[in-house]
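Just below is one structure, and these are the notes that go with it.
None of these values were measured; they are calculated from a predicted model. Order of the sequence lines sets the chain letters (A, B, ...), proteins ahead of strands, with each chain counted from 1.
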Amino acid sequence: MVNISLPDGRHREYQEGTSLLQIAEDISPKLAKNAVAAVFNDKVTDLTTLVYKDGKVQFLDFDHEKARNVYRHSSSHVMAQAVKRLWPETKFAIGPAIDKGFYYDFDTDHTFTPDDFALIEKEMNSIIKSDYPIVRRELSKEEAIQFFADRKEDYKVELIRDLPDDAIISVYQQGEFVDLCAGPHLPSTGKVKAIKLMSLAGAYWRGDENKKMLQRIYATSFPKQVMLDDYLHKLEEARKRDHRKLGKELGLFVLLDEGPGFPFFLPKGMVIRNELENFWRQAHQQAGYQEIRTPIILNRELWEQSGHWDHYKDNMYFTKIDDQDFAVKPMNCPGGILVYKQNLHSYREFPLRTCEMGLVHRHEMSGVLHGLMRVRAFTQDDAHIFMLPEQIIAEIKGVMELVDLFYKQFGFTYHVELSTQPEKSMGTKEVWDAATDALKEALEGQGMAYKINAGDGAFYGPKIDFHLQDSLDRTWQCGTIQLDFQMPEKFDLTYIGEDGEKHRPVMIHRVIYGSMERFIGIITEHFGGAFPAWLAPVQVRVLPITEKQHEYAAQVMDNLKAAGIRAESDPRSEKIGYKIREGQLQKIPYLLILGDKEVQSGTVAVRHRKEGDLGQQGLEAFSAMVSAEIKDKVIR
RNA sequence: GCCGAUGUGGCUCAGAGGCAGAGCAGCUGAUUCGUAAUCAGCAGGUCGGCGGUUCGAAUCCGCCCAUCGGCUCCA
């Protein structure tokens, strides 16, 4: 007999060789029904695992991330099996679970099209209906290579060859289909319920662009049809919020064939952009920054000195002026450094904080451009801080507080990642360790939880990245703080210390919005186009019901404009319902409906885009309310 | 850059070898209306670009450009 302990502290005895699934059934049929995988002695494992020793067990349902991955992974095997049945020549690469589903990479002469989806789904459903048991087997490395070589599964053979010689290699079988897989898996194919193939994509074998491009099918699966429907509905909602769609509908910006990756900002988009800049400028003045502006085009020598000419050339644009080589700046730091070098600096000036709305150009590959999120010309809300080594921690804390102030303003939550020394980097390990420790200390001093991205730092120093989460739970990297001991060296930056001697300053590079373009894209999706009043291109629209109220409408307009509110009126001879509809679609925060009643009482009938009809208010009261909402940057 | 798809009035889309269409938006006129679409008329397109096949190409073929979904990369 084996003694099994359960999460609630109870113990049960079972025959040796009892499966975890049987144990679950013994505890409760419902538990067994919902169980996707089990954790036995702290290891996630198949429900079909037979128990031969004492241990503690916990059953995981679909709500657990680990179980969800098992569920999706088994789903990917079902998809692979279906594809193999339909196109027997297909070779398999890998088919993992991912965040919201799974994919499988195939190598086949058949080119998949979305028309194949119905066919594959049908076959998958037939496999699910057959409810094949999913059986684990273990082979030696040699046996496994032989097994997959016989089946001409070249990719699997390559994968196995990379495993250690003494590795025990597991394969999972369902019906006629066998796949190399570490597992764990569902007990049978019938456990998979609602499936949907989502999209097709090319993907390089092992993510290497020099290797063969395979065909990837993305799909997802859920244990209940309603969960799948709900997921698809959310995707649909996300599409409605797509900043490219909203940007067009709300007249914020356009991307044209004439300038791929170079966005045009339209008048309404510029209002948002300017408001973001105003907020930025005011917050930075308060935080002790001095604003500068450096040129977009600078000569070759500068870029050679900074290292960009050698290390960043593929991403840069070049030009010639009077036969001399120049480059369009891909980063602002060399310009900022030149500004620093205009004066002799004393330690008394430190920390010296300079900030710049810096327009940079980077040549991105055509395939990666994406609305405002990934462009070829963008403005960074950059800053370079020069300081003493002993000021690092306090200064980083200061930047983190500023970042927090900014993100809270938009209602974003965020998490932090720390990236450490990459393989290709400048400087000694000691300097890197000191810098990395300084960042850690600053993070810990702020009580900030963080994740480490080993080897993901910039070539000149480690960095902290801020990833903010939007209203659809997607994350975006925006802010970064990079500690740099290298550029000061390359550019021979100095300051005069207390001792009267020259010393080397430390430098921080940092952005908060990241890029104005991307940030505008993100907040457009985050707010679904319904920007808070302080950002809204039009804050109030005045809607006279008939021509009789035009004069009063003009008075109201004058009043609002005098109060500094962005107001416009819609005097067209359309029905009020029509004007309201248009105002709603434009997501204008407030619509003022003006009829005879309002004219007589000298009031305005207020409609809020989300809260609907708010009733009549005095014009002064309304104006004061909106002004306060704008001033306090209220999200409503 | 690579794989796949797409490209038709300002917008959303139909048309799949034989006269370029619809709805919305726009303009003109009528209507003067109370919280998400009033009616009528008018105007608007070298069907992404270049080349080819054909008596005839938006439609078939080739190349290029851009966009979309991914790979890779990143603010």
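Relative ring orientation between A/W303 and A/H308 is described as perpendicular, the plane-to-plane angle rising above 60° on a 0-90° scale split at 30° and 60°. The aromatic rings of A/H363 and A/Y317 sit perpendicular to each other, their planes meeting at more than 60°, with 30° as the lower class boundary. Ring geometry for A/F222 against A/Y231 counts as tilted: the plane angle lies between 30° and 60°, on a 0 to 90° scale.
Taking only side-chain nitrogens and oxygens, A/S366 comes nearer than 4.0 Å to OP1 or OP2 of B/G1. Considering only side-chain N and O atoms, A/R216 lies nowhere under 4.0 angstrom from the phosphate OP1 or OP2 of B/U72. Taking 4.0 angstrom as the limit, A/H370 places a side-chain polar atom (N or O) nearer than this to OP1 or OP2 of B/G69.
At whole-Å resolution of the value, NZ in A/K245 and P in B/C68 are 15 Å apart. The distance from atom CZ of A/R362 to atom C1' of B/A75 is 6 Å, rounded to the nearest whole Å. Spacing between atom CD of A/E547 and atom P of B/G29 amounts to 12 Å, rounded to whole angstrom units. A straight line from CG of A/L200 to P of B/G70 spans 12 Å, rounded to a whole angstrom. Taking atom CG on A/L585 and atom C1' on B/C11, their separation rounds to 13 Å, with Å as the unit. Summarising the geometry, the separation between CG on A/D99 and C1' on B/G70 is reported as 16 Å, rounded to the nearest angstrom. What separates CG of A/L276 from C1' of B/A75 is a distance of 15 Å, to the nearest Å. One can place CD of A/E574 at 14 Å from P of B/A30, the figure rounded to the nearest angstrom.
The stacking criteria are not both satisfied for A/Y578 over the base of B/A36, which would need a centre-to-centre distance under 5.5 angstrom and an angle between ring planes under 30 degrees.
Across all strands shown, the partner of B/G41 is B/C27, judged by Watson-Crick or G-U wobble contacts whose two distances both fall under 3.5 Å. Pairing for B/G62 is with B/C50, a Watson-Crick or G-U wobble pair whose two hydrogen-bonding atom distances lie under 3.5 Å. Across all strands shown, B/C2 forms a Watson-Crick or G-U wobble pair with B/G70, both key distances being under 3.5 Å. A 3.5 Å limit on both hydrogen-bonding distances identifies no Watson-Crick or G-U partner for B/U35. Base pairing of B/A22: its partner is B/U12, meeting the Watson-Crick or G-U wobble criterion (both donor-acceptor distances under 3.5 Å).
Comparing B/G69, B/G1, B/A75 by their nearest atom to the side chain of A/V368 picks out B/G1. You'll find that the side chain of A/I545 is closest to B/G34, out of B/A36, B/G34, B/U67. When distances are taken from the side chain of A/K575 to each of B/G70, B/U38, B/U35, the shortest belongs to B/U38. With distances taken from any side-chain atom of A/R518 to the nucleotides B/G1, B/C74, B/A66, the minimum falls on B/C74. Nearest to the side-chain atoms of A/E209 among the listed nucleotides B/U72, B/A37, B/C33 stands B/U72. Candidate nucleotides B/A25, B/G34, B/U35 were compared by shortest atom distance to the side chain of A/R607, and B/U35 ranks first. Of the candidate nucleotides B/A30, B/C71, B/A75, B/A75 has the atom nearest to the side chain of A/K463. With B/G4, B/C11, B/C71 as the choices, the nucleotide that has an atom nearest any side-chain atom of A/K248 turns out to be B/C11. With distances taken from any side-chain atom of A/R572 to the nucleotides B/G26, B/A30, B/A37, the minimum falls on B/G26. Side-chain atoms of A/E582 lie closest to B/A25 of the nucleotides B/G69, B/U67, B/A25.
Among the heavy atoms of the strands, none lies under 4.0 Å from A/Y513. Residue A/G259 is classed as having no contact, given no heavy-atom separation below 4.0 Å to the nucleic acid. Using a 4.0 Å heavy-atom distance criterion, A/G595 is classed as a base contact. Across all strands, A/T113 comes closer than 4.0 Å to no nucleic acid atom at all (heavy-atom distances). Contacts of A/D257 with the nucleic acid, taken as non-hydrogen atoms under 4.0 Å apart, involve only primed sugar atoms and P, OP1 or OP2. If you check every strand for non-hydrogen atoms under 4.0 Å, A/N315 touches nothing. Residue-level contact check: A/E598 touches the bases, meaning some heavy atom is under 4.0 Å from a base atom. Residue contacts shown for A/V360 are absent, as no nucleic acid heavy atom lies under 4.0 Å away. At the heavy-atom level, A/Q215 lies nowhere under 4.0 Å from the strands shown.
Under a 3.5 Å cut-off, the side chain of A/H284 and the backbone N or O of A/W280 do form a donor-acceptor pair. For the pair A/H509 (side chain) and A/D382 (backbone), a donor-acceptor distance under 3.5 Å is absent. A donor-acceptor pair is defined here as one N or O able to donate and one able to accept, closer than 3.5 Å; no such pair exists between the side chain of A/S221 and the backbone of A/S75. A donor-acceptor contact shorter than 3.5 Å is absent between the side chain of A/E598 and the backbone of A/Q549.
With hydrogens and angles ignored, no donor-acceptor pair closer than 3.5 Å exists between the side chain of A/Y204 and the base of B/G70.
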Checklist line | Criterion side chain to side chain donor-acceptor pair (under 3.5 Å) on A/T294 and A/K329, from CA distance to verdict | finding: CA-CA 10 Å; A/T294 67; A/K329 70 175 176 186; 3.0 Å; yes
